[in-house]
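Okay, structure first, notes after.
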There are 2 protein chains.
Amino acid sequence: MAKIKERESFRSRLKAVGLRHTLPRERILAYLDRKSIHPTPEELYQGLKKKGYPIGLSTVYLNLQVLRDSGLLWEFKDQKGNTRYDGFGEKHHHLFCLQCGAIEDVLVRELPEFDPEPIRKAVEAKNGWFIEEARLELRGVCPNCQ
Amino acid sequence: MAKIKERESFRSRLKAVGLRHTLPRERILAYLDRKSIHPTPEELYQGLKKKGYPIGLSTVYLNLQVLRDSGLLWEFKDQKGNTRYDGFGEKHHHLFCLQCGAIEDVLVRELPEFDPEPIRKAVEAKNGWFIEEARLELRGVCPNCQ
DNA sequence: GGTTTCAACTGGACAAAATCCAGGTATACA
DNA sequence: TGTATACCTGGATTTTGTCCAGTTGAAACC
């Protein structure tokens, strides 16, 4: 059954970073693990409640922080300054619309032109850093606003 | 004189986006226009005061927002979730240390391996967006923390 | 399975960050 | 130099996020 397989996936993701599997964490990860979904903490809280999952707002904030610190979530600011979270499993970059604020995911596998490897190597050689992750932030105008 | 030339530069940058030139704006832009400088609003406020420039905290917040909306500043969140601003004029990307939180700028002209043009074109063709700016966010471990 | 241990959850109080407002000031342009 | 108005400011207010102390529930033993 897909539901069980999915649950196991969250369980192993949490285990991999040394965190316990709990219902709130699974639900947060499940809620965020979709393409182009980037809620604020408040929106996530409301969204989970609407799905019939009672959860405390403190729990939402707490876990967004914990999951971010473990690298399971990506935190960023939108055009209006709101804090948003992204937990979509597949590697991707972000498109921001400067007009309407829309945020769209662009899958890495659909962008063969962009290979982060040479950049990683160059930065490691020149700056002495070790690079774990490279993401692109693209700002422009979405189709609807053109 | 360098000071006057610099001032003219800020003046024209502001004019280009339809904003008035004011002392607070010039000082904020001047403060931020250095490599690897990314203060929080509070730090910027304190930094300006320390330089002997009296300024209101509301003014700092107000202008950070206005300048961000006009594209003169780049807003982002650091590893701890603090909002930070970047006004360094030369095109660059960001390095984030996952251990100590250090943030370093990497100049685009020192990264010949990374050319955003093909990406821009690909995204415009595939997703129908018009892309104005492409920035990389690199997360890893800085030399001091290795 | 039952028990134990401690991480994780929770609501509500609290603190910090950011915004709003109304009056005064400085800028741009004629 | 005068005038309209964008902009600045301190303080009040709202919003966002954190802390705390009691309770719950996950995992690891037997």
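Chain letters run A, B, ... following the sequence lines, proteins first and then strands; every chain starts at 1. Computed from a predicted model, the values in this text were never measured in an experiment. Values reported hereafter were calculated over all heavy atoms of this structure, with side chains retained and with hydrogens, waters and symmetry mates removed.
In the 5' to 3' direction, nucleotides of DNA chain C lying under 4.0 Å from heavy atoms of chain B begin and end at C:dA17 to C:dA28.
Comparing B:Arg25 and B:Leu57 against DNA chain D, the residue whose closest nucleotide sits nearer the 5' end is B:Arg25.
As a whole-Å value, the separation of A:Arg27 CZ from D:dG25 P is 12 Å. Nucleotide D:dA26 holds its C1' atom 11 Å from the CG atom of A:Leu23, rounded to whole Å. In this structure, the CG atom of B:Asn82 is 12 Å from the C1' atom of D:dG17, given to the nearest Å. Atom NZ of B:Lys80 and atom P of D:dG17 are 17 Å apart (whole Å). Taking atom CG of B:Leu14 as the reference point, atom C1' of D:dC7 lies 12 Å away to the nearest angstrom.
Here D:dC8 is the nucleotide among D:dC8, D:dT18, D:dG25 with the atom lying nearest to any side-chain atom of B:Thr59. With D:dA4, D:dT18, D:dA27 as the candidates, the nucleotide lying closest to the side chain of A:Tyr61 is D:dT18.
Using cut-offs of 30° and 60° for the angle between ring planes, the B:Phe96 and B:Phe76 rings count as perpendicular.
A donor-acceptor contact under 3.5 Å is not formed by the side chain of A:Ser58 with the base of D:dG17.
Nucleic acid contact class of A:Thr83 (heavy atoms, under 4.0 Å, all strands): sugar-phosphate only. When heavy atoms are screened at a 4.0 angstrom cut-off, A:Ile55 is found touching the sugar-phosphate backbone but no base atom.
B:Glu124 and B:Lys121 are not joined by a salt bridge, as no carboxylate oxygen comes within less than 4.0 angstrom of a charged side-chain nitrogen.
For the pairing with A:Asp105, the side-chain hydrogen bond (donor to acceptor under 3.5 Å, both in side chains) check across A:Lys35, A:Arg34, A:Lys91, A:His38 returns one residue only, A:His38.
Here A:Gln65 reaches the OP1 or OP2 of D:dT18: one of its side-chain N or O atoms lies under 4.0 Å away.
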